[in-house]
Structure formats: C-alpha cells, structure tokens
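Letters A, B, ... mirror the listed sequences (proteins, then strands); counts begin at 1.
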Number of protein chains: 2
Amino acid sequence: MIDVKTLCLGVLSRGDASGYEIRKEFEEGPLSHFSDAGFGSIYPSLKRLLDDGQITMLPHNGDGRPDKKLYRITPSGRHALYQALIKPPSADKLRSDLMFILSFGHLLPPRHLDRIIGDRISDYRHLIATLEVEGSTAHRTPGERFVEGMGLALYRAVATYLEEHRHELVAAALMESQVA
Amino acid sequence: MIDVKTLCLGVLSRGDASGYEIRKEFEEGPLSHFSDAGFGSIYPSLKRLLDDGQITMLPHNGDGRPDKKLYRITPSGRHALYQALIKPPSADKLRSDLMFILSFGHLLPPRHLDRIIGDRISDYRHLIATLEVEGSTAHRTPGERFVEGMGLALYRAVATYLEEHRHELVAAALMESQVA
DNA sequence: TCGTTATATATCGTACCGATGCATCACTTG
DNA sequence: CAAGTGATGCATCGGTACGATATATAACGA
C-alpha cells in the first residue's frame, strides 16, 4: 500500500498546501473516495519529507497569521512521487463493518437488521446526490474525473444491491428468530 | 472500525479453529471481501482473548501433531461478539492504490496506463469467474450469501467501469504527452 | 457577547500490517 | 529414492498508521 508520505506528495504536486488543507483533500476532494490520512499520519509525514528534502516550507509573510505553514514540493519530491506512481499497484482493499455484521445476520434482531441497512442506503443515496451536483460544477483533470466516476459507479452499485437484497436477509432473520 | 479481536470471535462463533485457519478465512472465505487480518494481528488477539476468558484453548490430544492449537469461543465471548455486532457500524472504507495512481494519469506514459488498467480488469474478471463457480457449490448461511453477493456486485461494477472508461483516460494521457 | 464551527498544529498510546524466521508434513518430479 | 516445493502451523519484531486528545485563534450567527 502507498504510504502517507506519498499521498502527501500527490496532493502537493497539484499546488502548495498546509497540513490542514491536505487533510481536507482526503476528506472532500476526488482523492477522498479511495485514499485516506488523518492528522496523526500527515504531520509526521510532512516532517520526514522536509528532512528528506522532498518538500520545503514557505516563509509565512509575517503580517497576519503566524500559524499556517505552507509546504511546496521540490524536484526531488516530484521524482519520488513519480517513482511511486509507476510501481505496480497493490490490490484494492475494502473494509466494511456493515458487511461483517450482516454476515451474522441470522443472529440479529430482524428489526435492527432492517434499520441499519436502511440507514446505510440513505447514506449512500445522499452521497451520490451530492457527487452528481459537484461533478457537473467543479472542473477536474481527466484523472480526477475518472476516479470520481469510479466512486460514483461503486456507490450506486452498493446502494442498488442493498435495496434489491435487503428483504431477503431480513426475511431469513425473521425465520431464524421464530425458530428460536 | 471493528478490531481484530472481534473479527476472530466472529470466525470462532462458526466453529473451533486454529490461528492459521482463522487467517485462511480472511483470505478465502466469504469474509475475505470486506475484512482482513494477518498473523501479526491474529496471534496477539488470540492471546488477549484467552486472557479475557472469551475463548479457550482445546487440549490437543497428544498423539500425532504437537502443534496446532484449537480455539473455542466461550459464552462470554459470544456476548462480546453480540455487543460488537449491534453497535452502529462505521463507514465503509475503500483503499485503492490504482485509483490514486490514475488520478495522476496525465503524468504517466499512456502505454503504462493502459497496461495497469488492463491488468486490473483481468484480475477482477478472474476473481468474478471463481466466485461464480464457488457460489453455486459451497453452501452458506443467508448472511454469507448476502455478503458474497455484494462482493460479486462490487467487483462487476469495478470491472465494467474500468472497461468502459479505460480509453478515455488513455486518450487524455496521449494528448498530454504530445503537448509535452 | 457568547457559544459554535472552522482553521490550524501537534502528540501520544495503541493497534495493526508486512516481513521474516522456523519447523513439519505431503506431494511430486527428476 | 532423494530432493525440492508448497501447504500447514506458530510466533515475533519493527515500522507505520490511526484515533483521541490538547491547544489556540478566527469567524459568524444567535
């Protein structure tokens, strides 16, 4: 798996940013669908990237705010990023608490089961609606559009599957609960 | 996110198993699509579960093999599992190196781009074919069938999207490389 | 003016992941 | 039959990452 240092280099390759802004990118931007990093990983990474000379810290023009450190990628950093990008990508990884839980569906109260599935469906439907609006307004590179499209396709597939098979699972749980 | 201790309890709730067999479950079984755990997490977890009295170690009948420790879940362990299962599930998480790389598609050689996408498509197509055979033979609980179906639906969505949009991205990269 | 949200940096403990080491058994291949 | 290969099985260790938390200021509506 690509490490957080490389993820940060990726964000900085698009323009200068602070640690906070990098975080936001993983929370909201097109990269958010398939990458993630929290402060606890970003700040140590930036420190190490500085030490390695792959980024530099811009001198903050002392006038207004003393905080906010802006970082800029160096040629060495771009090279490191490129090297990481052309390495064969490792397999995709999906982690889902919900799916783990549902695989034990027969042990759970049918009503509860129905509720958590319903909740998740509306989560995804909201997310999809948001992305559909954003996608038409924000302008993106071809790569970003591709990735965002993949995210949308995946979310739709999940929501649709949940909608179409929800009742099967709940019905099975109901049978189970009547036996017990 | 659900921790590895709980994941182990989940596997053991279906029957006694060794650490190695638990690992296999996350590598091949229906749980493999949305959960994961390696030896480095499983063995320490089993140790802690033993200490907490949520599992017991079966006495290996000393005849043949001295290795292979079999573990069995206790009532206390089943309770802990249930408590974890009824907690509201955290959001799904997708991690994909490939998508990160493709979001920088315009920086990469078009031929390379085309190759890694093609490779991934055939990976998924093979996986899908395997699952389609397995799904009809192996017998599963309703929950397991549900989760396996979701896995299949997702893999199909990914493969289809890659196939349908591959050329767009490669074309954009080609334009870019001709400008530079 | 007061509470809440957003901006912003940073650390600390824990959990986790990947790599590695070791040993045995079964199977196959020369 | 020997030798190698791959599966079974246990275990640890170092590095990395995650989640929670602390702190402080700016902005903004009630």
key: Rounded distance (Å) that lies between atom C1' of C:dT11 and atom CG of A:Leu46   = 15 Å
query = Does a sphere of radius 6.0 Å around NE2 in A:His167 hold more than 12 heavy atoms from other residues, nucleotides or ligands, not counting ones at 6.0 Å or beyond?
reply = yes
request  = State whether B:Lys87 and A:Asp97 are salt-bridged, where the test is any N-O pair (Lys NZ or Arg NE/NH1/NH2 against Asp/Glu carboxylate O) under 4.0 Å.
outcome  = no
key: Residues from residues 83-90 of chain A lying under 4.0 Å of DNA chain C - heavy atoms   = none
inquiry  = Can you give me the closest heavy-atom contact between B:Leu107 and A:Tyr82, atom names plus distance?
reply    = O-CE1, 3.8 Å
task = Ignoring backbone atoms, establish whether A:Lys47 has a side-chain N or O less than 4.0 Å from OP1 or OP2 of C:dA10.
result = no
ask   = Base, sugar-phosphate alone, or nothing: which one does A:Arg48 contact when heavy atoms must sit under 4.0 Å apart?
value = sugar-phosphate
key: Rounded distance in Å - NZ (B:Lys69) to P (C:dT24)   = 16 Å
key: Interatomic distance, B:Phe26 CZ vs D:dG9 C1' [rounded to whole Å]   = 17 Å
key: Interatomic distance where CD1 belongs to A:Ile42 and P belongs to D:dA20 [whole Å]   = 16 Å
query = So, is A:Tyr20 close to the C:dT9 phosphate, meaning a side-chain N or O under 4.0 Å from OP1 or OP2?
reply = no
ask   = How long is the line joining OH of A:Tyr71 and P of C:dA8, in whole Å?
value = 13 Å
query = Which of these, A:Leu85, A:Asp3, A:Thr74, A:Leu49, sits in a side chain to side chain contact (heavy atoms under 4.5 Å, CB included) with A:Leu9?
reply = A:Leu49
query = In whole angstroms, how far is the C1' atom of D:dA24 from the NZ atom of A:Lys68?
reply = 16 Å
request  = Could you pull out the closest heavy-atom pair between B:Arg14 and A:Ser103, with the gap in Å?
outcome  = NH2-O, 2.7 Å
message = Parallel, tilted or perpendicular: which one describes the rings of A:His165 and A:Tyr161, with boundaries at 30° and 60°?
response = parallel
message = Heavy-atom count check: over 12 atoms from other residues, nucleotides or ligands less than 6.0 Å from A:Met1 CE?
response = yes
task = Calculate the interatomic distance between A:Lys24 atom NZ and C:dA8 atom C1'; express it in whole Å.
result = 11 Å
task = Let me know the distance between CG of B:Asp16 and P of D:dG9, rounded to the nearest Å.
result = 14 Å
For the student: nearest non-hydrogen atoms of B:Leu12 and B:Ala17, plus distance = CD2-N, 3.6 Å
inquiry  = Is the phosphate of C:dA10 approached by A:Tyr43 (side-chain N or O, under 4.0 Å from OP1 or OP2)?
reply    = no
Polar atom pairs between nucleotides 16-20 of chain C and protein, under 3.5 Å, N or O only, would you list them?
{"from": "C:dC16", "atom 1": "OP1", "to": "B:Val4", "atom 2": "N", "distance (Å)": "3.0"}
{"from": "C:dC17", "atom 1": "OP1", "to": "A:Arg95", "atom 2": "NH1", "distance (Å)": "3.2"}
{"from": "C:dC17", "atom 1": "OP2", "to": "B:Ser41", "atom 2": "OG", "distance (Å)": "3.0"}
{"from": "C:dG18", "atom 1": "OP1", "to": "A:Lys93", "atom 2": "NZ", "distance (Å)": "3.4"}

key: A:Arg95 NZ/CZ over B:Phe34 ring centroid, <6.0 Å and within 45° of normal   = no
